[in-house]
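What you see is a predicted model, and the numbers here were worked out from it, not measured in a lab. To find a chain, count down the sequence lines: A is the first, B the second, and so on, and within it residues start at 1.
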Amino acid sequence: MDTETAHALVRFGLGHRPSDPVPTDPVAWLHAQLAPPDPLIGAGPTTAEGLAALRADRRDKPPPLQSRSAALFRAGARSQLAHAVETDLPFRERLVWFWTNHFTVSTRRGQCAAVLPAFVAEAIRPHVTGRFADMLGAVMRHPAMLIYLDNTTSIGPDSAAGQRSRRGLNENLARECLELHTVSPAAGYTQQDVTAFAAVLTGWSIDLQADPPGFRFRPAAHQPGPQTVLGRTFPAGEAGGIAALAFLASHPATHRHLATRLTRHFVADDPPPAAIAAIEAVLRKTDGDLGAAAAALVGVPAPPAAKLRTPQELVVASLRALDLPEERRPDALAALAALGQPFWRAPAPNGWPDTAADWAAPEAMVRRIDFAWALAGRSDAADPVALAETVQGPLLDPATRRAMQRAASRREALTLFLTAPAFQRR
Amino acid sequence: MLTRRSALLGLGTAVALGRSRLALAQAATDRRFVVVILRGAMDGLGAVVPYGDPELTDLRGALVPPDPGRPDGLHDLGGRFGLHPALVNLHAMYAAGTFAPIHAVAGPYRMRSHFEAQDCLESGADHRMTSGWLNRAVAALPRTPDSEALAVGVTVPLLLRGGAEVGTWAPHGNATPSVDMYARITELNAPDPVTGPAIGEGLRARGFSDATLYNLPQASNRAGFPALAAAAGKLLAAPRGPRIAALELDGWDTHAAQATRLPNPLRQLDAGLAALAENLGPAWAQTAVLVMTEFGRTARINGTGGTDHGTAGVAFVLGGAVAGGRILGTWPGLNPTQLFENRDLAPTSDLRAVAKGLLAGQFGLGAPALTQVFPDSASVEPMGGLLRT
């Protein structure tokens with residue numbers, strides 16, 4: 001394995017799996033992953049099935065851990081994590097993770113757990129190499145997001161429902177969409193813009209009682225009259241919201257914001273301005289083609305091992321490296337919780353942080369050691385040094401190799417491998 | 001955490017506590033057999049010290065504890081050998097006639113790689129096999145009719161892996177590596193501006209001092225092994241409990257500062273073996289224990305106050321069934337011409353002979369069965385007289 005390939009495997013992938021072939025042309029290998037459809041699209045329970053489970057839970061009120069929602073969530077989380085360990089399209093999976101985090105939906109708020117796996121499968125996965133506008137549109141009308149950021153209960157004060165109930169706007173989704181998902185505060189929007197956009201999105205709700213249950217635009221809750229957001233006026237009705245999202249998706253500030261986040265993730269914590277500008281230019285030129293942006297990222301030079309792996313990246317890379325038979329793999333969900341990044345459970349709508357300083361908390365780093373030790377105890381690898389060479393190629397540094405060779409047991413050697421800086425970074 | 005049910009559910013089960021592991025297997029017999037693997041190569045000359053050998057002080061002066069009778073001195077074993085001062089309980093067993101060290105023991109493997117040597121130690125052969133000798137021994141014993149396997153998914157040591165079904169069970173514990181491992185990981189990460197300081201600070205917050213992390217005096221260890229050995233004793237004592245157990249204890253690879261690093265694992269081992277005996281209760285009388293390590297360490301002290309990978313070491317046999325209170329094996333001497341490759345204690349006994357002697361005495365396994373347990377070992381006769389008759 002040459003250095004370029006080794007870097008590609010960790011920078012854009014999820015770490016090499018010894019049973020996979022080593023890519024002969026790393027650039028071609030990465031580009032090829034942007035073409036095929038994601039095998040998890042259409043797999044697992046649908047949004048309608050998730051909402052039906054939520055409906056049944058609301059009716060039967062089971063203890064939280066025994067709810068249908070919790071079972072759907074756990075099964076979905078397990079299968080998508082297992083997919084990450086096994087996939088031969090790791091770049092694609094990294095993009096899924098990136099965009100899932102960009103559009104964070106978390107079980108910490110609202111009853112969104114039952115539809116969270118379907119959210120990723122239906123609103124994120126189909127679009128990671130498609131157009132940003134399509135992803136934004138799919139996300140904003142997905143029940144998981146509408147529940148998570150309270151839009152199901154947002155009511156236009158002058159709508160029929162608003163007049164009847166004296167309830168009003170909830171601007172949570174509108175604000176996060178502007179701040180986190182699209183233009184970011186750099187666009188200089190005002191509170192009036194937020195309020196107007198919240199009015200645009202009134203009526204974007206769900207119908208739990210329908211068969212099948214799903215998204216529903218509720219005209220009776222929609223604020224009448226046109227609304228002006230960032231200087232652009234949108235008519236009332238569902239079409240006004242669709243137009244507003246299309247406008248935001250192609251806004252130059254959105255391209256700039258997405259380019260910054262993408263380069264922070266794939267280049268460096270503090271990405272060079274030239275890298276941001278290059279990705280921004282691609283997004284502008286292609287009107288938000290995320291596949292083109294991903295392809296362009298491959299060509300952006302990055303210092304080696306610039307990024308500290310997040311717990312999620314580390315756990316999956318470790319499981320891939322040790323290539324354990326299925327019955328011997330630990331519960332990755334439990335490991336992620338122990339390491340401070342419980343799956344699909346980010347603390348807030350801004351998602352998991354993406355810089356080393358956020359993850360290198362002292363206790364968190366020591367827990368990584370304990371995780372590595374526990375995991376290494378499950379491996380049967382006959383020759384840990386050979387395994388490390390297969391996984392990391394030239395990235396296995398002499399100090400780590402020496403320490404592994406001097407280790408008193410295979411378990412110790414594998415623990416040293418998984419805890420050395422070369423493995424903690426990507 | 002560890003219930004009787006977990007033992008009775010399986011033909012065999014495995015349990016992990018802290019740094020130690022326990023695996024168990026059932027058989028239709030009242031005799032008990034326990035194997036303890038010391039991973040990392042225990043220094044045989046440091047555990048059972050040949051203080052009567054005139055070459056010893058020249059070879060490793062700073063590593064030799066004071067003579068018997070002096071403060072912190074060796075526990076005398078009859079004038080030529082002394083037990084390390086940390087081995088208090090084993091000395092009492094020696095006096096009670098239930099413990100015998102066997103010196104200058106080695107398996108058939110002569111290279112000095114931990115991994116390969118541990119494979120050979122557990123395979124019972126001069127190469128790595130897919131099953132361990134203790135598993136093959138279990139397969140040769142009459143089975144209990146009501147045993148069923150329970151598999152949850154933590155690995156069984158190679159020693160007990162193989163055709164005879166061995167299920168596993170593990171508590172959800174906070175297993176952590178040794179202080180020494182933390183120290184090595186800290187050292188590897190030291191050059192990294194992010195992970196280095198974070199790991200150092202995290203370990204300090206957990207109570208590991210800088211002195212400990214940077215290879216100075218050893219902090220007190222977790223009580224994993226004695227707790228696990230006590231659990232093993234309780235399980236083996238149960239009327240329908242398992243009869244075979246394998247335990248592991250690591251932390252023996254004393255390349256540096258051995259004088260301060262060796263006492264801790266020795267204390268763990270000593271306390272664990274005492275706990276095993278105590279919890280076996282009356283069943284101790286029917287028990288034989290074999291304590292073994294992958295190889296011994298160099299006869300000479302090295303440049304960092306430690307010892308490097310060697311050849312022959314020491315094995316322990318103990319238990320109520322053992323004819324102890326004496327030193328077994330043949331002492332080869334420490335003169336440079338007597339050392340193996342002018343470096344290591346020369347092997348004079350084959351570890352397989354010891355294991356065969358115990359299996360033959362405890363379970364009546366004959367030559368054909370023993371040759372299946374230890375392939376290509378027809379020329380290795382079982383060591384006689386290990387057990388009371």
> Between A/A422, A/A364, A/A372, A/P421, which shows the greatest number of heavy-atom pairs under 4.5 Å with chain B?
Replying inline: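 Most heavy-atom pairs under 4.5 Å with chain B: A/P421.
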>> For the interface with chain B, which of A/A376, A/P362, A/P384 has the highest count of heavy-atom pairs at distances below 4.5 Å?
In response: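 That would be A/P362.
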> What are the two closest heavy atoms between A/A413 and B/F115, and how far apart are they?
Replying inline: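 Heavy-atom minimum between the residues: CB-CZ, 3.8 Å.
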> So, for A/L416 and B/L188, which heavy atoms are closest and what is the spacing to 0.1 Å?
Replying inline: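 Scanning both residues, the minimum pair turns out to be CD2-CD1, 4.0 Å.
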So how far is it from [X] [atom1] to [Y] [atom2], rounded to the nearest 0.5 Å?
X      : Y      : atom1 : atom2 : result
A/R411 : B/E248 : CZ    : CD    : 8.5 Å
A/I369 : B/R184 : CD1   : CZ    : 12.0 Å
B/L158 : A/D380 : CG    : CG    : 8.5 Å
B/I199 : A/E363 : CD1   : CD    : 12.0 Å
B/Y182 : A/T415 : OH    : OG1   : 10.0 Å
A/S409 : B/H114 : OG    : NE2   : 8.5 Å

> Below 4.5 Å, heavy atoms only, C-beta onward: do A/V366 and B/E201 meet side chain to side chain?
Replying inline: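 When only atoms from C-beta onward are counted, B/E201 and A/V366 do not touch, as no gap falls below 4.5 Å.
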>> Please output the residues of residues 388-408 of chain A in contact with chain B, using a heavy-atom cutoff of under 4.5 Å, in numerical order.
In response: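 Residues in range: A/A399, A/T400, A/A403, A/M404, A/R406, A/A407, A/A408.
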> If only atom types and distance count, is the side chain of B/N189 paired as donor or acceptor with the main-chain N or O of A/A420 below 3.5 Å?
Replying inline: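 Not confirmed, B/N189 side chain does not pair with A/A420 backbone.
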> What part of A/L308 gets closer than 4.5 Å to chain B, counting heavy atoms only: side chain, backbone, both or neither?
Replying inline: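 For A/L308, the contact with chain B is made by the side chain alone.
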> Which bit of A/E412 comes within less than 4.5 Å of chain B, counting heavy atoms only: side chain, backbone, both or neither?
Replying inline: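 Interface part for A/E412: both.
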> How far apart are the C-alpha atoms of A/R425 and B/V194, what are their side-chain angles, what is the distance that settles it, and do they pass the side-chain contact (heavy atoms from CB on, under 4.5 Å) test?
Replying inline: CA-CA 10 Å; A/R425 292 179 165 277; B/V194 173; 3.4 Å; yes
> Tell me the ring-ring contact (aromatic ring centres under 6.0 Å, His included) pairs involving residues 377-426 of chain A, sequence neighbours left out?
Replying inline: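 Every pair satisfying ring-ring contact (aromatic ring centres under 6.0 Å, His included) with a residue in residues 377-426 of chain A: A/F417-A/F423.
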> Among B/I185, B/D253, B/T195, who wins on heavy-atom pairs under 4.5 Å with chain A?
Replying inline: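 Top count of heavy-atom pairs under 4.5 Å with chain A: B/I185.
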